[in-house]
Participant: 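Before anything else, here's the structure in question.
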Amino acid sequence: MGAFGKFERGIENAVNSVFSRAFKSEVKPVEIASAINRAMDEGAAVYSRSRTISPNQFRITLASDDYAKIDQWGRVAIEDELSDHAIKYATSQDYTFLGPIAIAFEEAEEQGTGTVRVTSQTVRGAVAPVTTSVPSAANPIIDVQGQRYLLTGPVTIIGRGSESDIVVDDTGVSRHHLELRVTPRGVIATDLGSTNGSFVEGHRISAATLVDGNTITIGRTRIMFWNSPESYA
């Protein structure tokens, strides 16, 4: 099996880090971030001369006392902060993701206070955060409300519903509003029967093949599309 097949299977690694063991001190957010860095480095694999794939899903195991701190810090906030940190670290190391970042915490009663265990895995998804990637026909990049995504799967659903691949906070957007499908003939944008319609360069479409630099509008949301590095800014 080649390197890419191994990525499809997922890369799993465990990183143990003990902080202030002698004093049984509680773990700090910066120590969790450092453990994620090491998990990314340990799980990174070279796919080509210009592409190193990093794990994008992380399970963080903490002792009971440390685990209780997560809710005190704010679980959603700390997960978002760690996700942002992982993206910044990947950018600094020239790592590429194959799917979205996922952070999950779990409790281990037998684990010592101040100990962080990170299990990481590479899992392909429809989209991934943009780090060092440039757009291509196979992996275009879109900008949605200032957030840039690399299309890593064949189909991406954009909508207001939480089950969409890209969730848009816009009341003018339907739960499942727009599909972007990567094909050998180009990327096809298809309106999914939305209430307010989908527009490419101001023209309402049911389906349209996108070209480099196109602007898509759904509700009040503007989406920029690139499939060529020459025009990507």
Side-chain angles (χ1 to χ4, degrees), residues 4 7-8 44 46-54 56 83-84 86-102 122-161 163-170 172-174 176-192 194 196-233:
F4 194 76
F7 293 143
E8 292 295 301
V46 177
Y47 176 61
S48 66
R49 178 176 297 181
S50 60
R51 196 178 193 198
T52 300
I53 306 299
S54 168
N56 60 300
S83 294
D84 289 343
I87 294 169
K88 291 176 182 176
Y89 186 72
T91 301
S92 72
Q93 300 300 307
D94 291 336
Y95 293 158
T96 298
F97 296 122
L98 291 183
I101 302 294
T122 297
V123 179
R124 178 180 286 280
V127 296
V130 171
T131 52
T132 61
S133 303
V134 294
S136 66
N139 297 115
I141 287 176
I142 60 174
D143 183 305
V144 184
Q145 297 179 309
Q147 295 292 321
R148 294 192 174 187
Y149 302 89
L150 181 72
L151 302 190
T152 51
V155 177
T156 300
I157 303 298
I158 303 174
R160 189 163 44 86
E163 64 277 13
S164 295
D165 298 308
I166 299 176
V167 179
V168 178
D169 184 15
D170 182 341
V173 172
S174 298
H176 297 123
H177 196 113
L178 183 73
E179 174 191 278
L180 300 180
R181 183 178 294 270
V182 181
T183 77
R185 300 178 302 280
V187 177
I188 300 173
T190 302
D191 183 82
L192 299 176
S194 67
N196 295 320
S198 300
F199 299 81
V200 175
E201 300 298 328
H203 301 285
R204 186 162 185 163
I205 57 101
S206 56
T209 300
L210 301 176
V211 298
D212 188 52
N214 270 163
T215 299
I216 309 163
T217 305
I218 57 175
R220 297 180 301 278
T221 300
R222 189 176 72 166
I223 303 169
M224 298 295 297
F225 171 86
W226 298 278
N227 62 4
S228 169
E230 285 75 18
S231 61
Y232 181 62

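All residue numbers in this chain count up from 1 along the given sequence.
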Participant: Could you tell me which residues satisfy ring-ring contact (aromatic ring centres under 6.0 Å, His included) with Tyr232, sequence neighbours excluded, listed by chain and number?
Facilitator: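 For Tyr232 the ring-ring contact (aromatic ring centres under 6.0 Å, His included) partners, ignoring immediate neighbours, are Trp226.
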Participant: Run the side-chain contact (heavy atoms from CB on, under 4.5 Å) test on Ile223 and Ile166 for me, step by step, so that the C-alpha distance in whole Å, both residues' side-chain angles and the decisive distance to 0.1 Å come before the verdict.
Facilitator: CA-CA 11 Å; Ile223 303 169; Ile166 299 176; over 6 Å; no
Participant: Please check: side-chain N/O of Asn196 versus main-chain N/O of Gly172, any donor-acceptor pairing under 3.5 Å?
Facilitator: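 Flag set: sc Asn196 to bb Gly172 pair under 3.5 Å.
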Participant: Grab the two heavy atoms, one from Pro140 and one from Asn227, that are nearest each other, plus how far apart they are.
Facilitator: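 Between these two residues, the closest heavy atoms are CB-CB, 4.2 Å.
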Participant: If you take all heavy atoms of Arg185 and Thr209, which pair is closest and at what distance?
Facilitator: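 Minimum heavy-atom contact is O-CG2, 4.1 Å.
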Participant: One pair to check against side-chain contact (heavy atoms from CB on, under 4.5 Å): Asp191 and His177. What are the steps and the verdict?
Facilitator: CA-CA 6 Å; Asp191 183 82; His177 196 113; 3.9 Å; yes
Participant: Would you check, one step at a time, whether the test side-chain contact (heavy atoms from CB on, under 4.5 Å) holds for Ile101 with Ile87?
Facilitator: CA-CA 8 Å; Ile101 302 294; Ile87 294 169; 4.1 Å; yes
Participant: Taking atom CG of Asp165 and atom OG1 of Thr156, what is their separation to the nearest 0.5 Å?
Facilitator: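 Here the interatomic distance stands at 5.5 Å.
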Participant: Between the side chain of Thr190 and the main-chain N/O of Glu179, is any donor-acceptor distance below 3.5 Å?
Facilitator: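 A pair under 3.5 Å: no.
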Participant: Are Val144 and Tyr149 packed together at the side-chain level, in the sense that at least one heavy-atom pair is separated by less than 4.5 angstrom?
Facilitator: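 Answer yes - side chains close enough.
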Participant: So, Arg124 side chain and Thr152 main chain: donor-acceptor pair closer than 3.5 Å or not?
Facilitator: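 Such a contact is found between Arg124 side chain and Thr152 backbone.
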Participant: I'd like to know if the side chain of Asn139 and the backbone of Ser136 have a donor-acceptor N/O pair within less than 3.5 Å.
Facilitator: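 Side chain of Asn139 to backbone of Ser136: no pair is present.
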Participant: Below 4.5 Å, heavy atoms only, C-beta onward: do Asp170 and Ile218 meet side chain to side chain?
Facilitator: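 Not in contact.
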Participant: Determine yes or no for a side-chain-to-main-chain donor-acceptor pair under 3.5 angstrom, with His176 supplying the side chain and Arg160 the backbone.
Facilitator: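 Side chain of His176 to backbone of Arg160: no pair is present.
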Participant: Rounded to the nearest 0.5 Å, what separates atom CD in Glu201 from atom CG in Leu210?
Facilitator: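 Separation between the atoms: 9.5 Å.
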Participant: Search all heavy atoms of Leu180 against all heavy atoms of Ala189 and return the closest pair with its distance.
Facilitator: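 Between these two residues, the closest heavy atoms are CD2-CB, 3.7 Å.
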Participant: Between Pro100 and Pro129, what is the shortest heavy-atom contact and its length?
Facilitator: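 That would be CA-CD, 4.1 Å.
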Participant: Kindly determine whether Ile158 and Ile216 satisfy side-chain contact (heavy atoms from CB on, under 4.5 Å), including the steps that lead there.
Facilitator: CA-CA 12 Å; Ile158 303 174; Ile216 309 163; over 6 Å; no
Participant: Between Ile188 and Ala207, which heavy-atom pair has the shortest distance, and what is it?
Facilitator: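 Shortest heavy-atom contact: CG2-CB, 4.5 Å.
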Participant: To the nearest 0.5 angstrom, please state how far the CZ atom of Arg181 sits from the CD1 atom of Ile157.
Facilitator: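 It is 8.0 Å, given to the nearest 0.5 Å.
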Participant: Within the 4.5 Å heavy-atom criterion, are Thr122 and Asn56 side-chain neighbours or not?
Facilitator: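 Yes; the side chains approach each other to less than 4.5 Å.
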Participant: Nearest 0.5 angstrom please: Phe97 CZ to Thr131 OG1, how far?
Facilitator: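 The distance works out to 6.0 Å.
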Participant: Kindly compute the distance separating CG (Leu192) from CG (Leu178), expressed to the nearest 0.5 Å.
Facilitator: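 Result: 6.5 Å between the selected atoms.
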Participant: To the nearest 0.5 Å, how far apart are OH in Tyr95 and OG1 in Thr52?
Facilitator: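 Rounded to the nearest 0.5 Å, the OH-OG1 separation comes to 7.0 Å.
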Participant: For residues Ala208 and Ile205, report the shortest heavy-atom separation together with the two atoms involved.
Facilitator: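 Residues Ala208 and Ile205, closest heavy atoms: CB-CG2, 4.0 Å.
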Participant: Using modelled atom types only, decide if a donor and an acceptor are shared between the side chain of Asp212 and the backbone of Ser228 within a distance under 3.5 Å.
Facilitator: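 Confirmed, Asp212 side chain pairs with Ser228 backbone.
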